[in-house]
Colleague: 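I'd like to ask you about the structure that follows.
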Amino acid sequence: CRSTLADANEQHNWRIWADLAQVLIQIARRLYADEPLDVDLDATAYALDSTTIDLCLSLFPWARFRRTKAAVKLHTLLDLRGNIPTFAQITEGKLHDVHILDEFLPEAGSFYVMDRGYLDFKRLYIFVLCSAFFVVRPKTNVHLRRRYSHPVVEGTGVISDHTVVLTTMESATAYPDPLRRVRYHDAETDKTLAFLTNNFDLPALTIAQLYKQRWKVGVSSQGHIVQSVRDRPRPKDSGLVAWEAPWRESKTAEPSDNTLRKECAQRTRLQRAVNADVASLHESPVAETVDNARKQQGLAETSPIRQLS
């Protein structure tokens, strides 16, 4: 009988698709390298976030999250130019977000935008040592002492711009350098927000606008990246027909019932595929390289297309 794509995925090692994803990510990042941000910033900016993906406890007993619930957590680092994931890792659902900072090395000169769940001064000081910058929300129990006050421009929403230092012994030992605290009132949400950063060169308004960029991108509970649809860039001198059609968001066209049913079925199939892939990580032996994986499966001399036929 003819094998389905799901059957083929069960036989292939997951590292093959991981390597393919990295190749596609690099291609996509080059396409969006010149895309302007809504912020006056030439450096690379990343947004770090996570989402909890619910699983069936009877099918995934190893992923116990609560007494009657199973889950895993997807940690994603997005390049804000194009909202392209550059780092993704699946962990147990109970893992705290701050531990994911130990899994990647910050790029020098880049900005990392995070919420207060990633506030750990010992880990944030690694960004300073790597010559990288962070923008993070402070927690209410963080004790700071103002050292300097900087002038702000009225009418921009910036309330204050201060140079501060940590006052508690443990925090000051983990992060001995001064910090910059920016208070900003967002007129759209009518909220007053505070930000901590190790960058003292950018205007205070730019720091606030940079954090607002992460609001435009989210990750749903199914692991999908939720973002506004924009024009897809076309590579120059490319003969691929797939790139010839522009990818635009139509504000006038409304999906029919048949279209909604197809999208629902597609999401269901995608969720099942994700569950199968997550389960295979804990059930299938892992090969060290793609070549070893193909040798283990007897695919060294056989085309993958024939395996699907």
Side-chain angles (χ1 to χ4, degrees), residues 32-49 76-84 97 106-121 124-125 127-128 130-167 171 175 177-219 225-231 249 251:
Y32 284 92
D34 298 330
E35 179 180 348
L37 290 173
D38 294 337
V39 180
D40 186 13
L41 182 68
D42 295 331
T44 304
Y46 296 98
L48 181 61
D49 206 350
T76 309
L77 183 68
L78 293 177
D79 187 346
L80 291 179
R81 282 187 169 84
N83 298 330
I84 301 171
D97 291 346
E107 297 178 5
S110 299
F111 285 79
Y112 293 81
V113 185
M114 302 167 284
D115 60 18
R116 56 171 57 96
Y118 299 93
L119 185 65
D120 183 278
F121 291 108
L124 289 179
Y125 197 66
F127 289 80
V128 179
C130 294
S131 300
F133 304 103
F134 60 82
V135 179
V136 64
R137 294 280 307 281
K139 296 181 179 179
T140 56
N141 59 351
V142 175
H143 298 282
L144 301 168
R145 185 177 72 249
R146 183 178 60 182
R147 179 176 290 182
Y148 304 110
S149 296
H150 307 284
V152 297
V153 180
E154 297 183 0
T156 59
V158 178
I159 300 175
S160 62
D161 183 7
H162 297 152
T163 297
V164 296
V165 292
L166 296 165
T167 57
S171 299
Y175 197 102
D177 291 359
L179 287 162
R180 184 184 185 186
R181 181 181 61 190
V182 176
R183 294 187 182 276
Y184 173 79
H185 179 76
D186 183 60
E188 298 179 2
T189 60
D190 196 23
K191 293 182 179 180
T192 300
L193 307 173
F195 312 107
L196 289 178
T197 180
N198 61 332
N199 183 277
F200 294 86
D201 298 327
L202 291 179
L205 180 60
T206 303
I207 297 295
Q209 291 175 341
L210 185 59
Y211 188 87
K212 290 180 64 175
Q213 292 296 304
R214 74 182 300 274
W215 293 351
K216 299 181 180 180
V217 183
V219 184
I225 298 176
V226 180
Q227 56 182 315
S228 59
V229 181
R230 292 172 293 183
D231 294 348
E249 179 182 20
K251 297 182 179 180

Colleague: Which atoms form the tightest heavy-atom contact between Val142 and Phe121, and what is the distance?
Modeller: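 Taking every non-hydrogen atom into account, CG1-CZ, 3.9 Å.
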Colleague: Provide the closest heavy-atom pair for Asp40 versus Thr206 in the form atom of the first, atom of the second, distance.
Modeller: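 Minimum heavy-atom separation between Asp40 and Thr206: O-CG2, 4.1 Å.
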Colleague: Which heavy atom in Leu210 sits nearest to a heavy atom in Val135, and how many Å separate them?
Modeller: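 Heavy atoms of Leu210 and Val135 come nearest at CD2-CG2, 4.1 Å.
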Colleague: If you define the side chain from C-beta out and look only at heavy atoms, does anything of Val152 sit under 4.5 Å from Ile159?
Modeller: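 No, side chains not in contact.
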Colleague: If you compare all heavy atoms of Leu37 against all heavy atoms of Ala45, which two are closest, and at what distance to 0.1 Å?
Modeller: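 Nearest pair, atom of Leu37 first, then Ala45: CD1-CB, 4.2 Å.
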Colleague: Which pairs of donor and acceptor atoms, one on a side chain in residues 186-198, lie under 3.5 Å apart (sequence neighbours left out)?
Modeller:
{"residue": "Asp186", "atom": "OD1", "partner": "Lys212", "partner atom": "NZ", "Å": "2.8"}
{"residue": "Asp186", "atom": "OD2", "partner": "Thr189", "partner atom": "N", "Å": "3.0"}
{"residue": "Asp186", "atom": "OD2", "partner": "Thr189", "partner atom": "OG1", "Å": "2.7"}
{"residue": "Asp190", "atom": "OD1", "partner": "His185", "partner atom": "NE2", "Å": "3.3"}
{"residue": "Thr192", "atom": "OG1", "partner": "His185", "partner atom": "ND1", "Å": "3.2"}
{"residue": "Thr197", "atom": "OG1", "partner": "Phe134", "partner atom": "O", "Å": "2.7"}
{"residue": "Thr197", "atom": "OG1", "partner": "Asn199", "partner atom": "N", "Å": "3.1"}
{"residue": "Asn198", "atom": "OD1", "partner": "Phe134", "partner atom": "N", "Å": "2.9"}
{"residue": "Asn198", "atom": "ND2", "partner": "Ala132", "partner atom": "O", "Å": "2.9"}

Colleague: How long is the gap from CE on Met114 to OH on Tyr211, to the nearest 0.5 Å?
Modeller: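 It is 9.5 Å, given to the nearest 0.5 Å.
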Colleague: Does the pair Leu202 and Phe111 meet the rule for a side chain to side chain contact (heavy atoms under 4.5 Å, CB included), with working shown?
Modeller: CA-CA 11 Å; Leu202 291 179; Phe111 285 79; 3.4 Å; yes
Colleague: Nearest heavy-atom pair of His150 and Thr163: which atoms, and what distance?
Modeller: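 The answer is NE2-OG1, 2.7 Å.
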Colleague: Does the side chain of Tyr112 reach to within under 4.5 Å of the side chain of Val136, using non-hydrogen atoms?
Modeller: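 No, every pair of side-chain atoms sits at 4.5 Å or beyond.
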Colleague: Can you see which heavy atom on Leu119 is nearest to which on Pro138, and at what distance?
Modeller: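 Looking at all heavy atoms of both residues, the shortest contact is CD2-CA, 4.0 Å.
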Colleague: Rounded to the nearest 0.5 Å, what separation is found between the CG atom of Asp49 and the CG atom of Asp97?
Modeller: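 If I round to the nearest 0.5 Å, the distance is 7.5 Å.
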Colleague: Between the side chain of Arg81 and the main-chain N/O of Glu35, is any donor-acceptor distance below 3.5 Å?
Modeller: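 Such a contact is found between Arg81 side chain and Glu35 backbone.
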Colleague: Any heavy-atom pair between the side chains of Leu166 and Leu144 that's under 4.5 Å?
Modeller: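 Yes, their side chains come closer than 4.5 Å.
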Colleague: Checking the side chain of Ser131 only, and the main-chain atoms of Ala108 only, is there a donor and an acceptor separated by less than 3.5 Å?
Modeller: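 No; judged by distance alone, with no hydrogens or angles, the pair does not exist.
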Colleague: Report yes if some heavy atom in the side chain of Val113 is under 4.5 Å from a heavy atom in the side chain of Gln213; otherwise report no.
Modeller: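 Side chain of Val113 against side chain of Gln213, heavy atoms only: no contact under 4.5 Å found.
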Colleague: Can you tell me how far CZ of Phe200 sits from CG of Leu179, rounded to the nearest 0.5 angstrom?
Modeller: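 Here the rounded value is 6.5 Å.
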Colleague: Hey, does Tyr32 have a side-chain heavy atom less than 4.5 Å from the side chain of Ile84?
Modeller: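 Of all side-chain heavy-atom pairs linking Tyr32 with Ile84, at least one is under 4.5 Å.
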Colleague: Taking atom CG of Asp161 and atom OH of Tyr148, what is their separation to the nearest 0.5 Å?
Modeller: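 Answer for the CG-OH pair, Asp161 versus Tyr148, is 14.0 Å.
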Colleague: May I have the step-by-step check of side chain to side chain contact (heavy atoms under 4.5 Å, CB included) for Tyr46 and Leu80, ending in yes or no?
Modeller: CA-CA 6 Å; Tyr46 296 98; Leu80 291 179; 6.0 Å; no
Colleague: How about Arg180 and Ile207: do any of their side-chain heavy atoms sit closer than 4.5 Å?
Modeller: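 In contact.
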